[in-house]
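Some notes on the structure that comes next.
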Amino acid sequence: MKIAFLKIGLVFLLLLLGLSSCKQKEGSKDIANTELTEVSEESGFIEIFDGKTLSNWKGDPTYWSVQNGNLVGEVTPETLLKSNTFIIWQGGQPDDFELKLEFKIATSGNSGINYRSELLDTIPNALKGYQADIDGKMRYTGQNYEEKKRATLAYRGENVIINTQNNSKEPGSLRANVKKNCWQSREVIGSLGDSDSLKLNIKSEDWNEAHLIIKGNKLQHYINGVLMSEVTDNDTVNRKLKGYLGVQVHVGPPMKVEYRNIRLKNL
């Protein structure tokens, strides 16, 4: 009897070891799949800044340079701006795309990532169009602001539908529809979170990742993996579905902004 019990116990122990081994193998498989997924998320992205030169970028060298592998925009007390200036990617005018990059900005800084934008004839190195806003005090970072056009489309934390202004064919109707630096023909259809709570995901004077997903008339701005604003642009008169890509230094006090790991994926 004792021997029989010992045999049964031995068989039971072997079964437990086998089950444990299977669980470990399954766990290893899950980890491997996770790693593959993370790699595949970067599939199709291309580096559009080489970290060494300003090749394929056009801007005023007074304000733009490469330092320590980063694209740097800097305004000094001696080079204060009279109008916002950009460095503009010369590789095309993307329509549907994803853009990923990292940025670091001084507390006094004001910058942004422009996309689907137009060149201004009257000001050199200037763009008008959609902008993923970035500022050092983190009041606006993540919102959707349309430079020199419809102004604020979505504040941080808003999911918004944009509509055309009334009497859009009348001269001056666009500017008349902007009040308190905000487009009036817009409808907030949902909340992505409280603006101050979302701000907690943004690091001050440290590196952050911006991720833009721009497809059709839907414009999504993520910071550090968190959706900060979403715009559905139904304004067929004023919207743009393709255009230039660039980054900005803003009129104001001396400032510094740095960008790195700039990657673009056409959709």
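Keep in mind that what you see is a predicted model, and the values were worked out from it rather than measured. Starting from 1, each residue takes its place in the sequence as its number.
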- Message: Check whether S111 reaches the backbone of Q248 with its side chain - one donor and one acceptor, N or O, closer than 3.5 Å.
- Response: yes
- Would you please say whether a donor-acceptor pair under 3.5 Å links the side chains of N234 and N217? yes
- Message: I'd like to know whether CG of D206 has more than 12 heavy-atom contacts from other residues, nucleotides or ligands below 6.0 angstrom.
- Response: yes
- State plainly whether the residues E98 and R263 are in salt-bridge range, i.e. N to O under 4.0 Å. no
- Residue pair E158 / N144, side-chain donor-acceptor N/O under 3.5 Å: no
- Message: Within a 6.0 Å radius of atom NZ on K218, are there more than 12 heavy atoms belonging to other residues, nucleotides or ligands?
- Response: no
- Task: Please list, chain by chain and in numerical order, all residues satisfying side chain to side chain donor-acceptor pair (under 3.5 Å) with Y63, sequence neighbours excluded.
- Result: none
- Message: Looking at K256, is its backbone amide N or carbonyl O close enough to the side chain of E258 to form a donor-acceptor pair, meaning the two atoms are under 3.5 Å apart?
- Response: no
- Item | Transitive ILVMFWY side-chain link L153 to V160, under 4.5 Å | yes
- Angle class for the Y130/Y115 ring planes (parallel below 30°, perpendicular above 60°, tilted otherwise)? parallel
- Does T62 offer a backbone N or O that forms a donor-acceptor pair with the side chain of D60 under 3.5 Å? yes
- Message: Counting only heavy atoms not in D121 (residues, nucleotides, ligands), do more than 12 fall under 6.0 Å from its CG?
- Response: no
- Please tell me if the side chains of L198 and V226 come closer than 4.5 Å, counting only heavy atoms from C-beta onward. yes
- Query: Of L127, I262, I113, which meets side-chain contact (heavy atoms from CB on, under 4.5 Å) against V247?
  - Reply: I113
- Query: With the 4.5 Å side-chain cut-off for hydrophobic clustering, are Y155 and M228 part of the same group?
  - Reply: no
- Task: Look at R260 together with E102 and state whether they make a salt bridge at an N to O cut-off of under 4.0 Å.
- Result: yes
- When hydrophobic residues are tied together by side-chain contacts of less than 4.5 Å, even through go-betweens, does Y145 share a cluster with L219? no
- Query: What about I134 and L81, same hydrophobic cluster or not, with Ile/Leu/Val/Met/Phe/Trp/Tyr joined at side-chain heavy-atom distances under 4.5 Å?
  - Reply: yes
- Message: Please tell me whether Q165 and S173 have a donor and an acceptor in their side chains that are separated by less than 3.5 angstrom.
- Response: yes
- Task: Find out whether L120 and K148 are in side-chain contact, i.e. whether some heavy atom of one side chain is under 4.5 Å from a heavy atom of the other.
- Result: yes
- Task: Report the relative orientation of the aromatic rings in F45 and H211; use parallel for angles under 30°, tilted for 30 to 60°, perpendicular for over 60°.
- Result: perpendicular
- Message: Under 3.5 Å, is there a donor on one side chain and an acceptor on the other for Q143 and H221?
- Response: no
- Verify the distance criterion only: is there a donor paired with an acceptor across the side chains of N177 and S185 at less than 3.5 Å? yes
- Pairing residues for R150 by the salt bridge (charged side-chain N to carboxylate O under 4.0 Å, His left out) criterion, not counting sequence neighbours: E146, D233, D235
- Working for side-chain contact (heavy atoms from CB on, under 4.5 Å), residues F49 and L264: CA-CA 10 Å; F49 167 61; L264 179 68; over 6 Å; no
- Quick one: does V66's side chain get under 4.5 Å of L54's, heavy atoms only? yes
- Query: Does any N or O in the side chain of S117 come within less than 3.5 Å of the main-chain N or O of N114, such that one atom is a donor and the other an acceptor?
  - Reply: no
- Message: Is a donor from one side chain sitting under 3.5 angstrom from an acceptor on the other, for E187 and N163?
- Response: no
- Query: Do K265 side-chain atoms and S43 backbone N/O form a donor-acceptor pair below 3.5 Å?
  - Reply: yes
- Side-chain contact, heavy-atom cut-off 4.5 Å: W57 with D50? no
- Of the options L267, L241, N266, which is the one that meets D96 in a side-chain contact (heavy atoms from CB on, under 4.5 Å)? L267
- Query: Given the side-chain rings of F86 and H250, with only the six-membered ring counted for Trp, is the space between their centroids under 6.0 Å?
  - Reply: no
- Query: Taking atom types as modelled, is there a side-chain donor on T152 or Y140 under 3.5 Å from an acceptor on the other?
  - Reply: no
- Message: Any side-chain to backbone donor/acceptor pair from N167 onto E170? Under 3.5 Å, distance only.
- Response: no
- Looking only at side chains, do N208 and N224 share a donor and an acceptor under 3.5 Å apart? yes
- Task: Could you tell me whether the side chain of S108 and the main chain of P254 form a donor-acceptor pair under 3.5 Å?
- Result: yes
- Item | Polar side-chain atom of N84 near backbone of V251 as donor-acceptor pair, under 3.5 Å | yes
- Query: With a 4.5 Å limit on heavy-atom distance, are the side chains of N70 and W207 in contact?
  - Reply: yes
- Can you tell me if S229 and R156 form a side-chain donor-acceptor pair at under 3.5 Å? no
- Task: Determine whether Y244 and W64 fall in the same hydrophobic cluster, where Ile, Leu, Val, Met, Phe, Trp and Tyr are linked whenever their side-chain heavy atoms lie under 4.5 Å apart.
- Result: no
- Item | Basic-acidic side-chain contact under 4.0 Å: K240, D95 | no
- Query: Between the side chains of D135 and T141, does any donor sit under 3.5 Å from an acceptor?
  - Reply: yes
